[in-house]
Amino acid sequence: GLVQLVQLRPLQPGNTYFYTRLPHPGFAPDTVVRLSSTAGYFGALELYGVGVHPLVLAGDLWTLAEGQPLAIEWDVPSGELRSRIYLELNIDQHGLTPVNLVCDLPDTGSAAIPAAIIDALIARGVTGFPTARVQRRTVDAVEHDGFCADFMVSSVRAVDVEVTGYIPCTSDANC
């Protein structure tokens, strides 16, 4: 299902796998992508994904404000919906609290994060430069003999985030 066949062998140390020369995008939308392995350390594996449509967000800035829900919009792919939207939002970049927002959403074109959740996130602390990342993806997973393997096919977008009343420090004059 990729635009070209890729065969990987483990790289040492650590048996890592990666390939960076695949053209972008590396798959066509709605095409089945198969990952298989031989009977190695974990045994033979076979996982499937579906090529997702490129994710297009409506806007490149999210503004969080106390008492306000966060409305998110994106394009809806044509055809049968097999993908989901996975969202990660972190407004505490210096790790004062172990809190960030993660959502797994249907790929319907919009979602709203309730004001109560945004308020709770802000109340836990805002530090550094807030960030967000949104993925349209398909996921297949297998569990076998105490291990789990996931295979994702995704289109990822970064989003700029600002929190009303908070200015990240880029120099001593901002702080």
Side-chain angles (χ1 to χ4, degrees), residues 1 24-33 35 47-144 146-175:
H24 182 76
F27 50 82
D30 301 319
T31 302
V32 173
V33 180
L35 169 70
L47 297 162
Y48 293 90
V50 177
V52 296
H53 290 260
L55 176 62
V56 178
L57 297 171
D60 56 357
L61 174 67
W62 293 349
T63 301
L64 305 182
E66 289 186 63
Q68 299 293 316
L70 173 62
I72 304 163
E73 294 182 4
W74 61 90
D75 67 314
V76 178
S78 60
E80 182 181 344
L81 285 178
R82 298 180 184 168
S83 53
R84 292 190 60 84
I85 297 296
Y86 182 79
L87 175 148
E88 298 172 281
L89 173 63
N90 186 346
I91 63 171
D92 184 12
Q93 291 296 311
H94 293 269
L96 297 177
T97 62
V99 176
N100 54 39
L101 178 68
V102 176
C103 299
D104 182 10
L105 305 164
D107 196 355
T108 58
S110 66
I113 309 302
I117 292 175
I118 297 301
D119 290 352
L121 189 64
I122 292 171
R124 295 299 297 243
V126 184
T127 62
F129 291 84
T131 63
R133 192 172 106 130
V134 183
Q135 294 180 54
R136 169 175 283 141
R137 70 186 193 179
T138 63
V139 179
D140 192 12
V142 63
E143 291 185 38
H144 179 69
F147 80 91
C148 176
D150 294 329
F151 178 55
M152 281 182 250
V153 179
S154 65
S155 174
V156 181
R157 298 290 175 263
V159 181
D160 291 327
V161 177
E162 62 182 31
V163 179
T164 300
Y166 173 75
I167 299 172
C169 294
T170 56
S171 69
D172 287 344
N174 295 92
C175 299

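Treat the numbers as computed from the prediction; the structure is a model and nothing was measured.
No donor-acceptor pair closer than 3.5 Å links the side chain of Arg137 to the backbone N or O of Ser155. Checked by atom type and distance alone, the side chain of Tyr86 never pairs as donor or acceptor with a backbone atom of Ser154 at under 3.5 Å. A donor-acceptor pair under 3.5 Å is absent between the side-chain atoms of Asn90 and the main chain of Asn100, judged by distance alone. Not a single donor-acceptor pair under 3.5 Å links the side chain of Ser83 to the backbone N or O of Thr138.
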Going through the distances and angles, do Asp140 and Asp150 end up as a side-chain contact (heavy atoms from CB on, under 4.5 Å)? CA-CA 6 Å; Asp140 192 12; Asp150 294 329; over 6 Å; no
Can you list the steps and then say if Leu61 with Glu162 is a side-chain contact (heavy atoms from CB on, under 4.5 Å)? CA-CA 8 Å; Leu61 174 67; Glu162 62 182 31; 4.0 Å; yes
Can Leu35 and Val33 be said to form a side-chain contact (heavy atoms from CB on, under 4.5 Å), step by step? CA-CA 7 Å; Leu35 169 70; Val33 180; over 6 Å; no
Evaluate the criterion side-chain contact (heavy atoms from CB on, under 4.5 Å) for residue pair Val139 and Phe151; output intermediate values, then yes/no. CA-CA 6 Å; Val139 179; Phe151 178 55; over 6 Å; no
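Phe27 is listed as a side-chain neighbour of Val153, based on a closest heavy-atom distance under 4.5 Å. Between Gln135 and Arg84 there is no side-chain heavy-atom pair separated by less than 4.5 Å. Side-chain contact check for Val156 versus Leu55: every heavy-atom pair is 4.5 Å or farther apart. The shortest side-chain heavy-atom distance between Arg157 and Pro54 falls under the 4.5 Å cut-off. Counting heavy atoms from C-beta on, the side chains of Asp119 and Ile117 never come closer than 4.5 Å. Contact of the Val159 side chain with the Arg133 side chain is not registered, since no non-hydrogen atoms from C-beta on lie closer than 4.5 Å. Residues Thr164 and Leu64 have side chains not in contact (no heavy-atom distance under 4.5 Å, counting atoms from C-beta outward).
When all heavy atoms of Gly109 and Val76 are compared, the closest pair comes out as CA-CG2, 3.4 Å. Between Leu105 and Ala111 the shortest heavy-atom distance is CD1-CB, 3.8 Å. Residue Pro168 comes nearest to Gly128 through the heavy atom pair CB-O, 3.5 Å, listed as atom of the first residue, atom of the second, then distance. For Val163 against Pro130, the heavy-atom pair with the smallest separation is CG2-CG, 4.2 Å. Closest approach of Thr108 to Trp74, counting heavy atoms only: N-CZ2, 3.8 Å.
With rounding to the nearest 0.5 Å, the separation of CD1 in Ile85 from CG in Asp104 is 9.5 Å. Considering CH2 of Trp62 and OG1 of Thr131, their distance stands at 10.0 Å, rounded to 0.5 Å. How far CG of Leu87 is from CD1 of Ile113: 6.0 Å, rounded to the nearest 0.5 Å.
Using a 3.5 Å distance cut-off with no hydrogens or angles, the side chains of Thr127 and Asp92 do pair a donor with an acceptor. A donor atom on one side chain and an acceptor atom on the other are not found under 3.5 Å apart for Glu73 and Ser110. Side chains of His53 and Asp30: a donor on one and an acceptor on the other come within 3.5 Å.
Residue Asp60 places its CG atom among 12 or fewer non-hydrogen atoms of other residues, nucleotides or ligands, all under 6.0 Å distant.
By the salt bridge (charged side-chain N to carboxylate O under 4.0 Å, His left out) test, Asp107 pairs with Arg136, sequence neighbours left out.
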